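Since the structure comes first, as structure tokens, the remarks are kept for the end.
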Amino acid sequence: MRRLNFPDKKLEFLISLSFWLVYVIFTTSLVEEQTIYALTQGVVEKNTFVINSFIWNAVDKSYYNGNYYSDKAPGLSFMAVPLYAIIQSDQILPWFDKNSFEKIKTEQPDYYKYLKKFILHSFVVALIVAPLSALTLILIFRIAKKITNSQSAAVLTAISIGAGTSFFYYASTGLVHNVGVFFSFFAFYLIYTRFEEIKRKISLQLFTGGLIGFSIFVDYLQLIVAFFLIGYIILKFKNSWSFFLIGIFVGVLPLLIYNFDTFDNPLALSYSYHCYSYVCEEKNSIDYNPPVQIIGQIIEKSAHIFDRRYTSPDLFNIMTRMLIFPYKGLFIYSPILIFALFGFFYFYKIDPNLTFIILGIFVTFLIVIGGIDHWHGDYFGLRYLIPTLPFLALPLSVILNKQNTQLIVITLLLSTAVMFSSHQFTPWPIYNSIYKTEQYYQELREWKEPLGVPLIEHYFPLMITKGPKLFYLQTVYSWLEQKYKTGEVTFHTQIDSK
């Protein structure tokens with residue numbers, strides 16, 4: 001592979017800035033973000049974790065003791081509190097158009113609330129999700145450079161994850177996945193690249209453990225990553241790992257306090273009280289077993305999700321769908337990741353222990369996510385597998401350093417084209433086709449494929465005919481156009497457009 005010869009710092013700056021700009025430009029809004037922002041608003045406006053006054057059209061939420069709460073891990077909601085505090089102070093909107101703002105605030109109070117959420121979402125993506133996603137790519141670049149000693153392979157690896165996987169799509173949303181990934185992978189980066197320094201400094205051990213714990217505060221699925229990182233720490237540091245555990249406890253302590261204050265139990269995650277309805281009652285609160293709570297049930301070869309049951313052969317079928325079937329297949333949506341599979345053989349020669357750690361993370365996610373009814377995650381790609389992507393970048397970097405450049409570029413361009421097509425409206429018929437029916441289970445057991453090919457049937461045709469959907473840019477452009485023509489802005493937004 002042709003070698004690059006740029007200063008690493010300048011290259012890192014270019015990568016991070018480029019991806020941050022792309023992610024912000026492609027900002028989109030998803031319904032699942034509603035309770036994340038509702039918790040932020042509850043904390044700022046009413047000093048409470050109860051979101052009764054802020055759920056509006058949210059379907060997913062938790063219901064406990066007569067009140068609604070966010071059904072998501074609360075970390076991102078609390079990270080957004082300073083941003084919403086600025087918005088709530090009315091310092092942002094008047095700056096854009098004072099007259100229109102005052103008119104909206106007094107004459108359309110309900111729309112004023114939506115407008116604040118629109119600005120909050122823009123801030124969260126631009127100042128939290130997108131920059132942390134871009135920084136994750138820098139960590140990937142540095143580790144890939146350390147493994148391959150090739151700047152060009154490291155750049156291709158970072159681009160492959162940042163533009164050729166679902167990491168791209170969710171870096172432009174207000175969901176928790178990419179944010180949780182940054183904290184856990186930052187911890188791994190420190191362990192992998194600064195081993196000797198961490199071994200000498202207790203403060204770094206505490207800090208690294210704190211990152212792992214905080215990642216769980218942001219995204220419950222990081223529990224799986226944390227389990228394997230603890231194993232990796234024990235392998236690397238032998239008998240000197242107790243301070244890591246203390247750090248993890250400190251990092252996850254805010255979650256335990258939040259759970260105890262909200263659900264009277266520090267270990268009762270919000271998913272345990274999940275309610276999929278516009279209006280919930282205590283008796284209708286669904287016992288929704290999230291991925292982090294069903295490992296034992298999978299071991300017992302059965303799982304009860306939404307009053308359905310499927311056995312281990314069905315789990316294997318779903319795992320196959322998650323990888324190679326056209327509806328949501330990981331290697332269909334991101335063919336560049338196929339190289340990662342071959343890369344494991346080479347990476348094993350470099351670091352056998354870490355190879356098994358990465359394989360363990362990947363396989364465990366497949367088993368746990370494949371064991372839930374909601375394995376598809378709605379929206380685009382398999383968002384629940386995002387925590388595995390930075391780790392798959394390691395074996396991927398090895399094969400990218402060895403493989404023919406032309407084949408790599410073609411595959412990467414294909415993966416990138418798929419990701420750029422992601423920013424289209426996802427029609428509900430595509431969602432509905434995966435919700436479980438008795439016919440579905442029968443077809444599942446007979447190895448039939450009841451699902452379509454949305455990339456060919458929906459995303460690519462719209463991408464070719466209409467180009468990528470830039471929801472927020474279109475909204476801001478319409479504001480500016482209206483301001484130029486009439487001198488006043490109506491503030492019509494496309495928030496909650498999906």
Side-chain angles (χ1 to χ4, degrees), residues 1-27 125-172 178-179 181-197 211 334-337 339-340 343 346-347 350-351 354 358 386 389-417 419-420:
M1 178 174 288
R2 183 179 300 175
R3 301 281 173 174
L4 297 177
N5 189 25
F6 292 98
D8 280 353
K9 295 298 182 182
K10 290 184 179 180
L11 196 56
E12 289 176 1
F13 176 77
L14 181 62
I15 292 172
S16 59
L17 179 62
S18 300
F19 274 99
W20 176 77
L21 286 173
V22 171
Y23 294 153
V24 171
I25 288 172
F26 278 88
T27 297
V125 174
L127 301 178
I128 298 179
V129 182
L132 292 184
S133 298
L135 289 176
T136 302
L137 299 181
I138 298 306
L139 301 179
I140 291 173
F141 169 82
R142 291 183 177 181
I143 293 178
K145 174 77 181 300
K146 179 179 176 65
I147 293 171
T148 64
N149 196 31
S150 168
Q151 195 179 69
S152 55
V155 170
L156 275 177
T157 303
I159 294 175
S160 296
I161 300 300
T165 70
S166 294
F167 189 89
F168 170 86
Y169 180 78
Y170 292 99
S172 300
N178 287 39
V179 180
V181 161
F182 168 76
F183 290 105
S184 63
F185 197 70
F186 187 20
F188 170 76
Y189 165 81
L190 293 175
I191 297 167
Y192 189 79
T193 62
R194 301 177 66 177
F195 170 74
E196 293 298 333
E197 185 179 0
L211 289 172
S334 301
I336 191 68
L337 292 179
F339 289 111
Y346 296 99
F347 192 69
I350 299 173
D351 195 329
L354 185 54
I358 296 173
I386 288 177
L389 297 179
F391 295 96
L392 291 178
L394 276 63
L396 176 63
S397 67
V398 179
I399 203 71
L400 293 185
N401 192 40
K402 294 178 177 292
Q403 186 54 263
N404 176 273
T405 306
Q406 188 176 13
L407 178 61
I408 291 171
V409 171
I410 293 173
T411 309
L412 179 55
L413 287 175
L414 177 59
S415 299
T416 303
M419 291 305 123
F420 271 77

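Hydrogens, waters and symmetry mates play no part in the numbers below; they use all other heavy atoms, side chains included. This one's a predicted model, so the numbers in the text were calculated from it and none came from an experiment.
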Expected list for residues 125-135: side-chain donor-acceptor pairs under 3.5 angstrom, two or more places apart:
{"residue": "S133", "atom": "OG", "partner": "V129", "partner atom": "O", "Å": "2.7"}
{"residue": "S133", "atom": "OG", "partner": "N178", "partner atom": "ND2", "Å": "3.1"}

Problem set entry | Steps toward side chain to side chain contact (heavy atoms under 4.5 Å, CB included) verdict (L156, F339) | CA-CA 12 Å; L156 275 177; F339 289 111; over 6 Å; no

Problem set entry | Trace of the side chain to side chain contact (heavy atoms under 4.5 Å, CB included) decision for V181 with Y170 | CA-CA 11 Å; V181 161; Y170 292 99; over 6 Å; no

For this session: Would you please test T416 and F168 for side chain to side chain contact (heavy atoms under 4.5 Å, CB included) and show each step?
Result: CA-CA 9 Å; T416 303; F168 170 86; over 6 Å; no

Exercise. Please walk me through it: do N401 and Y346 pass side chain to side chain contact (heavy atoms under 4.5 Å, CB included)?
Worked result: CA-CA 11 Å; N401 192 40; Y346 296 99; over 6 Å; no

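Put simply, CG on L394 and CD1 on I147 are 3.5 Å apart, with the number rounded to the nearest 0.5 Å. Going from atom CZ of F347 over to atom CG of L354 covers 4.0 Å, rounded to the nearest 0.5 Å. One finds the CZ atom of F391 at 9.5 Å from the CD1 atom of I140 (value rounded to the nearest 0.5 Å). Distance CZ/F185 to CG/L139: 6.5 Å, rounded to 0.5 Å. Remark: S415 OG to I408 CD1 distance equals 11.5 Å, nearest 0.5 Å. One distance of note links CZ of R194 with OH of Y189; it measures 7.0 Å at 0.5 Å rounding.
Side-chain contact between F167 and L137: present, with at least one pair of heavy atoms (C-beta onward) separated by less than 4.5 Å.
When all heavy atoms of I386 and S166 are compared, the closest pair comes out as CD1-O, 4.1 Å. The minimum heavy-atom distance linking P335 with L414 is given by the pair CG-CD2, 3.9 Å. The shortest heavy-atom contact between L396 and I336 is CD1-O, 3.5 Å. Residues A154 and K145 come closest through the heavy atom pair CB-N, 3.6 Å. Heavy-atom minimum distance, F19 versus I159: CZ-CA, 3.9 Å. Nearest heavy-atom pair, I358 versus P395, reported as atom, atom and distance to 0.1 Å: CD1-CD, 4.2 Å.
Under the side chain to side chain donor-acceptor pair (under 3.5 Å) criterion, the residue pairs touching residues 11-24 are E12-R142, with sequence neighbours excluded.
Centroid-to-centroid, the aromatic rings of F186 and F183 stay 6.0 Å apart or farther. In this structure, F26 has its ring center no closer than 6.0 Å to that of Y169.
Within 6.0 Å of CD on E197 lie more than 12 heavy atoms contributed by other residues, nucleotides or ligands. Within 6.0 Å of the CZ atom in F13, the count of heavy atoms belonging to other residues, nucleotides or ligands does not exceed 12.
S334 places a side-chain N or O within donor-acceptor distance of the main-chain N or O of G164, the cut-off being under 3.5 Å. Here the side chain of T157 pairs no donor or acceptor atom with the backbone of A144 at under 3.5 angstrom.
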